[in-house]
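To start, the structure itself, in structure tokens.
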Amino acid sequence: MFEWRNRRAMAVIRVSFTRSGELSIMSRVRVSGGRSTAARVITGVGAVIALIEVIYILMILLGANATNAFVEFMRAIAEPLALFFPGLFQLENYQVGVLINYGLAAVFWLVLTGLIARIVR
């Protein structure tokens with residue numbers, strides 16, 4: 001009897017011969033549970049929030065036009081998601097302050113959603 005297991009896909013294939021000499025192939029695939037799907041969704045939400053923060057940081061660092069509609073839209077999304085981090089460190093250089101404060105917010109969301117996803121799993 002030969003058995004092949006794929007842990008990532010949760011599949012098992014068994015190949016053997018019956019007493020009469022015929023080849024017998026059996027396979028079994030387990031479908032991933034709802035918990036792992038929920039954990040992936042939670043991790044994805046955290047990644048999207050962090051991406052919004054990073055895009056806003058890049059716009060500020062690269063000197064995007066603050067009156068542009070897209071920049072205003074990203075600011076309107078990024079500021080509430082940054083929670084209490086904007087203004088946490090008030091530095092003389094505005095760009096460095098944005099990088100540190102909003103960067104901390106992005107890391108916070110990645111860590112928080114990663115921990116929640118780990119608990120859900």
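- Hydrophobic clustering of Ile, Leu, Val, Met, Phe, Trp and Tyr side chains at less than 4.5 Å, counting indirect connections, unites L81 with M74.
- Both V45 and I77 sit in one connected hydrophobic cluster of ILVMFWY residues. Membership requires side-chain heavy atoms under 4.5 Å apart, directly or through other members.
- Taking both residues in full, the closest heavy atoms of P80 and R75 are given as CD-O, 4.3 Å, listed atom of the first, atom of the second, then distance.
- Considering CZ of R121 and CD1 of I116, their distance stands at 13.0 Å, rounded to 0.5 Å.
- Within the structure, side chain to side chain donor-acceptor pair (under 3.5 Å) contacts touching residues 101-116 (residues at least two apart or in different chains) do not occur.
- Two different hydrophobic clusters hold V107 and V48 under the rule that ILVMFWY side chains link at heavy-atom gaps under 4.5 Å.
- The list of ring-ring contact (aromatic ring centres under 6.0 Å, His included) pairs with a residue in residues 76-99, not counting sequence neighbours, reads F85-F108.
- The minimum heavy-atom distance between V120 and A38, with the atom names listed, is CG1-CB, 4.0 Å.
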Please tabulate, for side-chain N and O atoms in residues 50-65, each donor-acceptor pair with protein atoms closer than 3.5 Å (sequence neighbours left out).
unit_1, atom_1, unit_2, atom_2, d
E53, OE2, A82, N, 3.4
N65, OD1, T67, N, 3.2
N65, OD1, T67, OG1, 2.9
N65, ND2, T67, OG1, 3.3

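- Grouping the Ile, Leu, Val, Met, Phe, Trp and Tyr side chains by contacts below 4.5 angstrom, directly or via other members, places L83 with L104.
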